[in-house]
Amino acid sequence: MLDRWFKLKEAGVTVKSEVLAGLTTFAAMAYILAVNPSILSTAGMPFPALITVTALAAALGCFLMAGLTNFPIAQAPGMGTNSYFAFVICIGSGLTWQTALALTFWNGVIFLLLSVTGLRTRLAEALPNGIKVGIQVGIGFFIAFLGLKSVGIVVGNDATLVTIGDIKSPASLLVLGGVALMTFLTLKRVAGALLITILVVTVVGLVIPAGEGTITAPPDGFFSLPSGIGEVIFALDIMYPIKYFPEIADVLLTLLILDLFDSIGTLVGLSRRAKLVDGSGRMPKMGRALTADAIATIGGSLLGTSTTTSYIESAAGIEAGGRTGLTSATTGVCFLLALLFTPIILIVPAAATAPALVMVGIFMAQGLKELNFDDLSEVAPAFITMLMIPLTFSITEGIGLGLTLFTVIMLLSGRAKSVPLLSHIITLVFIVYYIYK
């Protein structure tokens, strides 16, 4: 039955390998169960309900991606857009969280229309090869940087912006050991190398001191009942954006741009790494993937959370061997089970997931071999894209700056006609975005 649904034999995988990949993806992105409620609660939303909503929205997104595309890409309320939701829309603009949910809802509706008409797919296909390579590699750098930053191996510095942290700390040494173990297991082609390392580091962390406790905090229990979501489900002020459109137009436009190019960038980067593209570098089911993304956003807003989108941490499951929708479906099931095992899920420390993020960064950096280094007009935009994604903490900014540079280079070199019209239009949109940002 599973083979018929997910075409496992055709993809050259097994149920075991796909489930292991799904577990790996979940382990890499389970932090969202704690982080998303923490961020959205600053806007006045109830924290306990948000844990349940986050899990439900993530499961919905994973199941949609599995059913509509058969891709090993997981979804959940997105990092970045949740901060924009809480700190810009609610706290900065003074709008209620009910209004912010309505903006998220209409954002999803607009994206659904763009997806079913094929415009979002054409936007993705309009990106030149150099930008696509830059997105893949830039996401890899971004993921690895986040992993190192989460455990203090890389820290902030007023003089140099970032610098080396306490490399001798127990957490740092555990992460470096985890990277070494993960690399060794991968070289030996051990199934579930990333997941095995995450579990090993989590267990070892139970006995390694850190501050007043240990790196892995002992769980408060094993089981928990999910909190109710009556306070947030269907709580959106759905008509507010229509009644007061002139006042919220700039906020909605920024949200659209952030979500549009974050989702396109993530899907392009992951699909290239998972070899889900055809001979011309196109993702055959990009339209369905973007539709799943849009429907998940609409569903998430109705449940009571910010934009739901594809997760770059899906790369962990892809590197673990995930190639079909069974991987993302497994991740979705894990999010539902997490509602009953939240105390256990939340003890996985950053030191356990950081090695996986670093390893994923290493894998995704291999996309550099697809870059034509003899063509500077391809290399320069790719370099800016891959550099700016981690430096600005934004896939959107990386795409915008890289694509703008590419278009300018083509104009100056007299090759403007070789650039698709849609690429020129996207560049103009980004220029306007930067002018009014």
Side-chain angles (χ1 to χ4, degrees), residues 15-36 51 54-55 58-59 61-62 65-66 72-79 139-140 143-144 146-151 171 174-175 177-183 185-186 190-206 215-219 222 270 273-274 310-323 326-364:
V15 172
K16 178 182 177 182
S17 66
E18 291 295 284
V19 170
L20 282 174
L23 290 171
T24 302
T25 295
F26 175 73
M29 61 186 289
Y31 67 86
I32 197 63
L33 290 171
V35 177
N36 192 56
I51 295 177
T54 300
C62 290
M65 188 63 75
I73 297 174
Q75 298 195 91
M79 292 295 295
I139 288 175
I143 293 174
L146 291 175
L148 296 173
K149 181 178 178 294
S150 68
V151 292
L174 193 57
V175 169
V179 172
L181 174 61
M182 195 171 290
T183 303
L185 294 176
T186 301
V190 175
L194 276 67
L195 180 60
I196 290 171
T197 303
I198 290 171
L199 294 175
V200 168
V201 174
T202 298
V203 173
V204 172
L206 287 168
I215 290 178
T216 302
F222 292 96
L270 293 175
R273 181 58 200 170
S310 301
Y311 255 61
I312 55 177
E313 283 83 0
S314 301
I318 290 171
E319 296 307 334
R323 290 296 180 272
L326 182 54
T327 293
S328 47
T330 299
T331 303
V333 171
C334 286
F335 272 109
L336 294 179
L337 292 176
L339 292 174
L340 300 176
F341 298 95
T342 302
I344 297 295
I345 299 299
L346 295 182
I347 71 166
V348 177
T353 56
L357 299 181
V358 172
M359 199 68 193
V360 166
I362 294 171
F363 287 133
M364 297 195 75

### Message
Please determine whether side-chain contact (heavy atoms from CB on, under 4.5 Å) holds for the pair Ile32 and Thr54, giving the CA-CA distance in whole Å, both sets of side-chain angles, and the decisive distance to 0.1 Å.
### Response
CA-CA 8 Å; Ile32 197 63; Thr54 300; 4.1 Å; yes
Looking only at heavy atoms, which two atoms of [X] and [Y] are closest? And how far apart?
| X | Y | result |
| --- | --- | --- |
| Ala351 | Ile215 | CB-CG2, 4.0 Å |
| Pro219 | Pro343 | CB-O, 3.9 Å |
| Ala59 | Gly332 | CB-O, 3.6 Å |
| Ala144 | Gly361 | CB-CA, 4.3 Å |
| Met364 | Ala315 | SD-CB, 3.9 Å |
| Gly321 | Ala21 | C-CB, 4.3 Å |

Return the [atom1] to [atom2] distance between [X] and [Y], rounded to the nearest 0.5 Å.
| X | Y | atom1 | atom2 | answer |
| --- | --- | --- | --- | --- |
| Leu270 | Ile73 | CG | CD1 | 5.0 Å |
| Leu199 | Leu23 | CG | CG | 8.5 Å |
| Ile198 | Met182 | CD1 | CE | 5.5 Å |
| Leu357 | Met29 | CG | CE | 12.0 Å |
| Thr331 | Leu326 | OG1 | CG | 9.5 Å |
| Ile347 | Phe341 | CD1 | CZ | 13.0 Å |

### Task
Anything under 30° is parallel, anything over 60° is perpendicular, the rest tilted; go ahead and classify Tyr31 against Tyr311.
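Tyr31 and Tyr311: tilted rings.
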### Query
Do Ile318 and Phe363 come close enough that some side-chain heavy atom pair is under 4.5 Å?
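No, their side chains stay 4.5 Å or more apart.
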### Task
Report yes if the side chains of Val179 and Pro355 come closer than 4.5 Å at any heavy-atom pair, otherwise no.
yes
### Task
Tell me, with the steps shown, if Met359 and Thr183 meet side-chain contact (heavy atoms from CB on, under 4.5 Å).
CA-CA 8 Å; Met359 199 68 193; Thr183 303; 3.5 Å; yes
Short question: side chain of [X], backbone of [Y] - any donor-acceptor pair under 3.5 Å?
| X | Y | answer |
| --- | --- | --- |
| Thr25 | Gly317 | yes |
| Thr353 | Ala28 | no |
| Thr216 | Thr202 | yes |

